[in-house]
Amino acid sequence: MINLKDLKKTIFESQVWRSIFRHDYADTPRNRTLQVMSNVWMHLHPPKIRRHAIRVRFTWCMGGITFLLFLVLTVTGVVLMFYYRPVAEYAYADMKYLQFDVPFGMLMRNMHRWAAHGMVLTVWLHMFRVFMTGSYKSPREFNWVVGVLLLTLTLLLSFTGYLLPWDQLSIWAVTVGTNMARATPLLGHEGPFAQVVGVTPRYDARAFLLGGTIVGPPTLLRFYVLHCIFLPILASLLMIVHFWRIRKDGGISGPV
Amino acid sequence: MAEAPGRAAVAEKAKAAPFKAKIKPIEDKIHCWPYLVRSEFVCSVIIMVVLMVWSIYINAPMEEPANPTNTPNPSKAPWYFLGLQEMLVYFDPWMAGVVLPTLIIVGLMVIPFIDVNPKGNGYYTFEERKFAITMFLIGFLVLWTSLIVTGVFLRGPGWNLFWPWEVWDPHKVVALTNVDLPYWGPFKYLGNPKVFGVELVGLTAITIYFALGVAFWFWKSKTSPTLQELGPIRYGIVASLVLTMMGLPIKMFLRIAFNIKYIWVTPWFNI
Ligand code: HEM
């Protein structure tokens with residue numbers, strides 16, 4: 001049997017290893033802190049947290065998983081953007097191209113789709129756990145409000161993305177979804193008090209959203225821009241606030 | 001500013017009463033590196049593997065090209081919005097599609113400001129916040145989830161109900177026997193009284209419903225410390241949100257049990 005200790009010694013003390021890494025990582029409290037403090041990415045974390053905060057049983061990891069899925073969506077989304085054109089004549093063909101011709105195109109598309117569904121689920125579960133642990137209570141009131149905005153943005157991101165394949169499923173789902181806008185009180189042409197404001201089918205809340213009276217090419221472009229630029233930037237900004245506030249509010253909540 | 005002393009008193013009381021945490025507080029702190037970072041890493045790897053395998057085996061749906069002249073029956077919104085689409089059965093679009101979703105979002109946002117109970121902050125407990133948790137479970141688990149499940153699995157052509165094992169029959173005819181409240185049961189003998197075209201039966205019913213909230217305040221606020229802590233404004237918000245939320249199951253019940261369509265018909269909108 002190979003002696004692991006000896007093997008480790010042979011590798012870590014070899015000339016090659018030593019030429020790359022001058023000295024090894026000493027597991028001291030100071031170094032543990034530095035690992036976090038002097039690394040821009042790790043710096044999201046505080047150096048130390050209360051022990052109960054890392055229990056899966058407490059947070060269900062749901063906020064973290066939501067964030068991970070958001071990152072997956074950003075990466076796969078950028079890949080899809082290389083191939084996809086938000087023009088009614090091309091959009092469907094580009095999807096087919098991704099599906100059949102682009103190397104790993106289908107995998108990218110699938111991952112993007114399933115991660116999006118997953119994110120809706122995990123963000124709901126995250127909200128559920130935050131409610132059940134009462135973590136929205138003082139001093140975390142504001143972070144809960146930011147969270148609700150993030151939840152809304154997550155749904156809007158999912159919804160705007162749903163249109164982009166430009167197939168039967170997407171245009172009709174979006175038609176059903178946006179039809180409600182025509183019933184907006186005051187601002188939709190079929191809503192209560194529409195006559196008072198004088199909105200028409202061509203000039204009301206829904207037409208503003210769709211860029212016309214039906215889900216057509218202008219809608220595709222609008223949803224594309226919202227989906228790929230406006231909503232992700234907004235969500236990222238709010239996530240920055242969300243994470244920053246977790247630290248400023250004294251870390252993950254816990255029994256006093 | 002007026003509420004500052006109230007807040008302080010609440011906090012004072014919280015300190016006096018011992019918390020009954022299920023998970024006992026652990027005072028010691030641990031380093032994020034390696035303990036937290038390690039579990040984050042393991043968790044990410046697991047999620048990524050599951051997502052990859054899932055994506056390799058299950059393809060995202062893709063149907064025929066978009067065709068504005070061919071409406072599928074049923075046309076369903078994405079699953080996470082089917083709760084809203086399902087509410088369309090019971091309410092008009094301005095209510096189900098605009099007012100109720102707005103109230104859900106606003107209602108969620110105000111939760112931290114209307115829940116003045118200082119207990120149950122940072123640990124799981126049902127005992128110490130029975131009302132808050134019950135309401136949240138009714139709204140989130142019972143109503144929201146069951147509406148989505150109904151919308152995803154039980155709705156077929158014509159938005160009719162089908163069991164999962166039933167064949168979707170696009171020509172299924174369901175008798176439309178719904179009546180509005182003023183024409184139903186005992187109310188039809190009142191002759192549908194109106195003022196300026198506004199039905200009085202529905203107006204009265206809805207006014208009584210929301211007046212219940214006001215009546216409860218006058219009945220209990222003198223004796224209930226919880227209500228005193230809440231104060232009239234917060235109580236008003238809680239009561240309106242709760243009554244509006246419970247309006248959905250009530251309307252569902254009226255529709256399913258008595259075929260009642262609208263409670264209140266006005267020239268501008270119907271409820
Ligand atoms: C894109 C969506 C979101 C992301 C990426 C996100 C991320 C996170 C992360 C990573 C945490 C750390 C603790 C944990 O993992 O549970 C957290 C905590 C928290 N989140 Fe979110 N979150 C999101 C949405 C929400 C929503 C929808 C709500 C509530 C409505 C919310 C409210 C909170 C609160 C109050 C905390 C502090 C919890 C505590 O101290 O115990 N977040 N979030």
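Here is the naming used below: chain letters follow the sequence lines, and residue numbers restart at 1 for every chain.
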Check: Side chain, backbone, both or neither: which part of A:M106 has a heavy atom under 4.5 Å from chain B?
Finding: side chain
Check: Quick one: are B:P65 and A:D167 in side-chain contact, heavy atoms under 4.5 Å?
Finding: no
Notebook entry, point to check: Which atoms of A:S170 come close to chain B, meaning under 4.5 Å heavy atom to heavy atom: side chain ones, backbone ones, both, or neither?
Noted result: neither
Item checked: Separation of B:H31 NE2 from A:K48 NZ (nearest 0.5 Å) -> 4.5 Å
Checklist line | Any donor-acceptor N or O pair under 3.5 Å, side chains A:H45, B:E40 | finding: yes
Check: What residues of residues 64-71 of chain A sit under 4.5 Å from chain B when you count only heavy atoms?
Finding: A:I65, A:L68, A:L69
Notebook entry, point to check: What class does the angle between the rings of B:F140 and A:F128 fall in, given that below 30° is parallel, 30 to 60° is tilted and above 60° is perpendicular?
Noted result: parallel
Next item on the list: Please state whether the side chain, the backbone, both or neither of A:H117 comes within less than 4.5 Å of a heavy atom of chain B.
Entry: both
Next item on the list: Name the orientation class of the two ring planes belonging to A:F131 and B:F136 (parallel below 30°, tilted from 30 to 60°, perpendicular beyond 60°).
Entry: parallel
Item checked: Parallel, tilted or perpendicular: ring planes of A:W124 versus B:W144, cut at 30 and 60 degrees -> perpendicular
Note to self: Within the 4.5 Å heavy-atom criterion, are B:W79 and A:V120 side-chain neighbours or not?
What the structure shows: yes
Next item on the list: For the residue pair A:Y136 and B:D115, confirm or rule out a side-chain donor-acceptor distance under 3.5 Å.
Entry: yes
Item checked: Side chains of B:K119 and A:K137 in contact at under 4.5 Å (non-hydrogen atoms) -> no
Item checked: Residue part contacting chain A, namely of B:I46, when any heavy atom lies under 4.5 Å -> neither
Notebook entry, point to check: Considering heavy atoms only, which positions within residues 262-271 of chain B lie below 4.5 Å of chain A?
Noted result: B:W268, B:F269
